[in-house]
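Take a look at the structure below.
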Amino acid sequence: MESGWALANRTQGVCPMVRVAVIGAGLMGADHARIVVEEMPGASLQVVCDMDEVRARKVADAHGAADVASNPEAVIARADVDAVIVASPDFTHAPLSLACISAGKKVLCEKPLSQSSAECLSIMQAEQEVGQKFVQLGFMRRYDQSYVEMKEAIENGTLGRVLMMHNFHRNVETPASDFTGAMAITNSAPHEFDVVRHVLGTEYAWISAFQPKRSDRRVAPVLMVLETVDGQLVNIEINNNAAYGYDVRAELVGEQASISMSHVAYTHLERSLGVHTGYDADWRTRYFDAYRRQNRAFLRFVDTDAFPEIASSCWDGYAAAVAAEAGVTALASGQKQLVTMISKPKFYA
């Protein structure tokens with residue numbers, strides 16, 4: 001079954017601009033609006049939608065959107081909207097994705113699809129009932145060149161059998177004073193949960209989670225150890241109060257070689273008997289190119305109905321949610337937890 005936009009334009013033999021609505025006018029929504037306008041040839045920014053219309057208007061004016069709105073469900077249903085980018089708060093992702101499926105419109109939904117694996121299953125069921133994929137999930141790291149090259153090193157045999165993958169994900173400080181270790185697992189770690197599965201081409205079997213004690217009241221790092229169904233070990237450090245900067249790195253260790261991610265810095269300063277290397281304040285600069293690649297892939301998805309080869313689907317959103325749920329239980333209990341998933345539907349194979 002083709003989407004309404006693709007079918008109508010194939011029938012008419014035309015290739016008009018894809019009119020995109022961005023839902024959410026916060027940091028990510030504003031960035032997506034800019035990418036639509038500046039980095040997605042063939043797309044136009046039709047609507048910026050936010051509960052705060054003043055904020056929506058500010059983003060719309062900055063990027064030349066045709067309209068603003070405050071009701072996301074109404075925006076999804078509009079005849080002058082062909083595709084949707086959801087960058088609103090996490091709890092809205094599932095219901096808005098379902099609304100897009102119901103409306104027959106492709107949606108690029110920021111992660112998480114839902115922090116509830118059961119809710120992810122309901123969205124998967126909706127797609128399967130329609131018989132077509134509509135949701136591309138915004139796990140943009142799959143499009144980052146570092147992870148692309150790591151996956152290639154596995155596929156071309158350079159590493160031999162992969163034994164381990166080390167990962168750390170550090171932020172300057174927590175986004176809120178009440179941020180907890182469990183939130184680090186459900187909010188920050190899903191990027192690692194997803195990209196590790198993607199790079200290794202496997203699923204998780206077990207997860208353990210640990211947390212050291214800080215000298216203050218800030219949330220301490222969370223360290224997770226995961227075992228894959230193929231017998232590999234994966235460690236993930238989430239440090240939301242690293243203080244020095246935004247820093248994400250990874251290393252694959254194989255039987256024949258290892259490959260590690262280089263810190264992205266265009267310059268370093270040599271001064272006063274030392275060398276200084278700068279860090280980004282957050283993820284947006286570090287992963288801008290990955291976002292650009294991801295969003296262009298989404299545009300091709302809208303145009304052709306062919307789901308992007310390396311993009312994350314609802315299945316991947318479900319897998320990340322299951323891993324996070326097991327990780328939260330492991331952290332609270334101090335016991336290793338089984339990562340239990342349903343069998344992968346053929347629809348997502």
Side-chain angles (χ1 to χ4, degrees), residues 1-88 92-93 96-111 132-138 140 143 284 287-308 311-312:
M1 170 184 160
E2 283 194 310
S3 65
W5 186 89
L7 179 60
N9 290 297
R10 276 170 179 65
T11 302
Q12 297 171 22
V14 295
C15 295
M17 298 286 279
V18 175
R19 297 165 296 183
V20 178
V22 173
I23 298 176
L27 288 176
M28 283 312 309
D31 280 357
H32 278 296
R34 177 164 69 96
I35 291 171
V36 170
V37 172
E38 298 180 2
E39 305 289 343
M40 294 171 64
S44 64
L45 184 60
Q46 187 69 13
V47 187
V48 176
C49 177
D50 196 279
M51 290 183 64
D52 183 342
E53 285 201 51
V54 173
R55 185 164 65 173
R57 174 61 65 185
K58 183 177 179 180
V59 173
D61 289 347
H63 302 292
D67 196 9
V68 298
S70 60
N71 185 323
E73 289 82 5
V75 166
I76 291 168
R78 283 171 55 155
D80 64 346
V81 168
D82 304 310
V84 179
I85 297 176
V86 170
S88 46
T92 69
H93 293 184
L96 293 182
S97 294
L98 286 170
C100 288
I101 295 170
S102 180
K105 295 178 181 179
K106 302 294 194 301
V107 55
L108 173 60
C109 179
E110 275 295 332
K111 70 86 184 168
Q132 183 181 350
K133 293 176 184 174
F134 281 91
V135 183
Q136 179 181 334
L137 195 56
M140 79 296 178
Y143 289 90
R284 292 175 297 158
Y287 287 112
F288 176 78
D289 191 55
Y291 280 112
R292 179 182 61 83
R293 292 179 178 183
Q294 169 195 258
N295 288 26
R296 288 184 174 182
F298 174 63
L299 185 60
R300 290 191 293 272
F301 177 34
V302 176
D303 185 37
T304 66
D305 279 331
F307 193 81
S312 297

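Contact between D52 and D50 at its shortest, heavy atoms only, is N-OD1, 2.8 Å. Heavy atoms only, all atoms of each residue included: A21 and V81 are closest at CB-CG1, 3.8 Å. Between V59 and A33, the shortest heavy-atom distance links the atoms CG1-CB, 3.8 Å. The shortest non-hydrogen separation linking Y143 to Q136 is OH-NE2, 4.2 Å. Shortest non-hydrogen contact noted between V107 and C100 is CB-SG, 3.6 Å.
Put simply, the side chain of R34 never gets that close to the backbone of H63: no donor and acceptor are under 3.5 Å apart.
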Q: Test side-chain contact (heavy atoms from CB on, under 4.5 Å) on K106 and Q132 and set out the steps.
A: CA-CA 10 Å; K106 302 294 194 301; Q132 183 181 350; 3.0 Å; yes

Q: Determine, stepwise, if the pair Y291 / M28 fulfils side-chain contact (heavy atoms from CB on, under 4.5 Å).
A: CA-CA 10 Å; Y291 280 112; M28 283 312 309; 3.6 Å; yes

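In this structure, CD1 on I35 lies 8.0 Å from CD on Q294, to the nearest 0.5 angstrom. Atoms CG and NE2, from L137 and H93 in turn, are 9.0 Å apart once rounded to the nearest 0.5 Å. A distance of 11.5 Å separates CZ in F298 from CG in D303, rounded to the nearest 0.5 Å. Separating the CG atom in N295 from the NE2 atom in H32 is a distance of 5.5 Å, to the nearest 0.5 Å. To the nearest 0.5 Å, the span separating CZ on F301 from CG on L108 amounts to 10.0 Å. Summarising the geometry, atom CG belonging to L299 is positioned 4.5 Å from atom CE belonging to M40; distances are rounded to the nearest 0.5 Å.
The salt bridge (Lys or Arg N to Asp or Glu O under 4.0 Å) test applied to R300 returns no partner, not counting sequence neighbours. Scanning for side-chain contact (heavy atoms from CB on, under 4.5 Å) contacts around T92 gives S88, P89, L96, with sequence neighbours left out.
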Side chains of residues 64-77: which donor-acceptor pairs under 3.5 Å do they make with residues two or more places apart or in other chains?
unit_1: D67; atom_1: OD2; unit_2: R78; atom_2: NH1; d: 3.0
unit_1: D67; atom_1: OD2; unit_2: R78; atom_2: NH2; d: 3.2
unit_1: N71; atom_1: OD1; unit_2: E73; atom_2: N; d: 3.1
unit_1: N71; atom_1: OD1; unit_2: A74; atom_2: N; d: 3.0

